[in-house]
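What follows is a short report on a single structure.
Excluded from the calculations below are hydrogen atoms, water molecules and symmetry mates; all remaining heavy atoms, backbone and side chain alike, are included. Values in this document were obtained by computation on a predicted structure and should not be read as measured data.
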Amino acid sequence: MILEMVRANGAVSLRELARVVQTSEVTVRRDVRALEAEGLLDRRHGGAVLPGGFTRESGFPQKSHLATAEKTAIADLAASFVEEGEAIVVGAGTTTQELARRLARVPGLTVVTNSLLVAQALAHANRVEVVMTGGTLRGSNYALVGSGAEQSLHGLRVSRAFLSGSGLTAERGLSTSNMLSASVDRALVQAAAEVVVLADHTKLGTDTMFQTVPTDLITRLVTDEPPGHDDRAATELQALADQGVQIAVAGAPGGSAGAGGPGGDAVPARQQRRDVPLPGPRRQVPGAGSGLRSASMLGEQSPGAERGRVADLRRR
């Protein structure tokens, strides 16, 4: 029954599996582990998915139930990087939808998106201007795709792009399982001076069919703390840092309060923001030394300095 549910939906949470088979999550977790050992499915934090990285993309209902706590923590942290009056692009996905909900109180913000879910989250935000791309509606993830979406992004220039995807590796960067979605994400990247990837630890080390953002174009990764037993995620994080990606980790239980969020919304006290040190000069934040950088250190950069850096990137 577990295999039938996973094959039918692409991804299923342990909670849903336990409800359907009428047993405990502990028992389901043990069965899922046994099925993974036979190569019949892959475990993910809080659920199970079709085996292998090069599988079909899960729909929104399945994705929305996976790693929900991690996505919330990532969205809280990612929102703290957005400043008043910025123009940004936000791609499609359940994690970016969570981010959009937190951007509703940022005064003077302009958000360009191809996601109906992102637009819906910001629909009643009086101080946020929402600009939607054209394109053809892709119902599985409520996103606009195709040539219409890509053409509407030509000539656009914003400070940052916030994107999610199906997998992230140091070798290929961010990837997704759908060709049309990948093409629009690449157009969003071309419009931005910086690229911020939002990916929970279950996506680290997963490689899917279509590359959207190569590693050398990723400015920052916002992720959650991998479990101690997840060596694959920890190894991938280090490899990304070695290639110059700034790593911001959220959701450390019991951590100190993070920096104040945009529009007066503080990052919850359970969030802890830190960056993995970079080995080389690429995208090195001025004044950063060795070791992990705290939220207060990140907050010392003035908005003027940030705008100057964006302007310099545009001239380049």
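- In this structure, CD on Q211 lies 8.5 Å from CG on L217, to the nearest 0.5 angstrom.
- The heavy-atom pair separating V118 from A100 by the smallest distance is CG1-CB, 3.8 Å.
- The CD1 atom of I2 sits 8.0 Å away from atom CG of L41, with the distance rounded to the nearest 0.5 Å.
- Under the salt bridge (charged side-chain N to carboxylate O under 4.0 Å, His left out) criterion, E129 pairs with no residue at all, not counting sequence neighbours.
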Donor-acceptor pairs under 3.5 angstrom involving side-chain atoms of residues 24-33: please list them, not counting sequence neighbours.
unit_1	atom_1	unit_2	atom_2	d
S24	OG	T27	N	3.2
S24	OG	T27	OG1	3.0

Is there a side-chain contact (heavy atoms from CB on, under 4.5 Å) between L153 and L188? Walk through the geometry before answering. CA-CA 7 Å; L153 293 166; L188 292 172; 3.6 Å; yes

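- Listed by first and then second residue, the salt bridge (charged side-chain N to carboxylate O under 4.0 Å, His left out) pairs that reach into residues 107-117 come to none, sequence neighbours excluded.
- Without hydrogens or angle criteria, D224 side chain to H201 main chain gives a donor-acceptor distance under 3.5 Å.
- With sequence neighbours left out, the salt bridge (charged side-chain N to carboxylate O under 4.0 Å, His left out) criterion links R186 to no other residue.
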In sequence, state the C-alpha distance, the side-chain angles, and the governing distance for K203 and T223, and then conclude on side-chain hydrogen bond (donor to acceptor under 3.5 Å, both in side chains). CA-CA 10 Å; K203 297 178 181 178; T223 188; over 6 Å; no

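- Distance check: T96 OG1 to I74 CD1 gives 11.5 Å after rounding to the nearest 0.5 Å.
- By the side-chain hydrogen bond (donor to acceptor under 3.5 Å, both in side chains) test, E16 is found to be paired with R19, residues two or more places apart in sequence or in another chain being considered.
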side-chain contact (heavy atoms from CB on, under 4.5 Å) for S181 and R138? Distances and angles first, verdict last. CA-CA 9 Å; S181 296; R138 185 166 179 261; 3.3 Å; yes

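- With respect to R160 and E86, a salt bridge is recorded, a charged nitrogen being found less than 4.0 Å from a carboxylate O.
- For the residue pair N178 / T176, no side-chain donor-acceptor distance below 3.5 Å is found, with atom types taken as modelled.
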Take L103 and I88, measure what side-chain contact (heavy atoms from CB on, under 4.5 Å) needs, and give me the verdict at the end. CA-CA 11 Å; L103 298 179; I88 63 174; 3.9 Å; yes

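- Partners of A92 under the side-chain contact (heavy atoms from CB on, under 4.5 Å) rule, at least two apart in sequence or in another chain, are N114, S115, N141, A143.
- Checked against side-chain contact (heavy atoms from CB on, under 4.5 Å), L116 has the following partners two or more places apart in sequence or in another chain: M132, L137, Y142.
- In this structure, E236 has no side-chain hydrogen bond (donor to acceptor under 3.5 Å, both in side chains) partners at least two apart in sequence or on a different chain.
- Surrounding CD of E36 are more than 12 heavy atoms belonging to other residues, nucleotides or ligands, all under 6.0 Å away.
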Residues V184, E150; criterion side-chain contact (heavy atoms from CB on, under 4.5 Å); working and verdict: CA-CA 6 Å; V184 176; E150 296 171 40; 4.2 Å; yes

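- For S175, the side-chain contact (heavy atoms from CB on, under 4.5 Å) partners at least two apart in sequence or on another chain are R172, D207, T208.
- Heavy atoms only, all atoms of each residue included: T169 and G205 are closest at CG2-C, 3.7 Å.
- Remark: K71 does not engage E98 in a salt bridge, criterion side-chain N to carboxylate O under 4.0 Å.
- Here Q190 pairs with nothing under the side-chain hydrogen bond (donor to acceptor under 3.5 Å, both in side chains) rule; sequence neighbours left out.
- For T219 (side chain) and V196 (main-chain N/O), no donor-acceptor pair under 3.5 Å exists by modelled atom type.
- V128 and A104 get closest at one heavy-atom pair: CG2-O, 3.7 Å.
- Rounding to the nearest 0.5 angstrom, the gap separating the OG1 atom in T94 from the CG atom in L99 is 11.5 Å.
- For M1, the side-chain contact (heavy atoms from CB on, under 4.5 Å) partners at least two apart in sequence or on another chain are V20, V21.
- Within the model, atoms CG of L122 and OG1 of T113 stand 8.5 Å from one another, a figure rounded to the nearest 0.5 Å.
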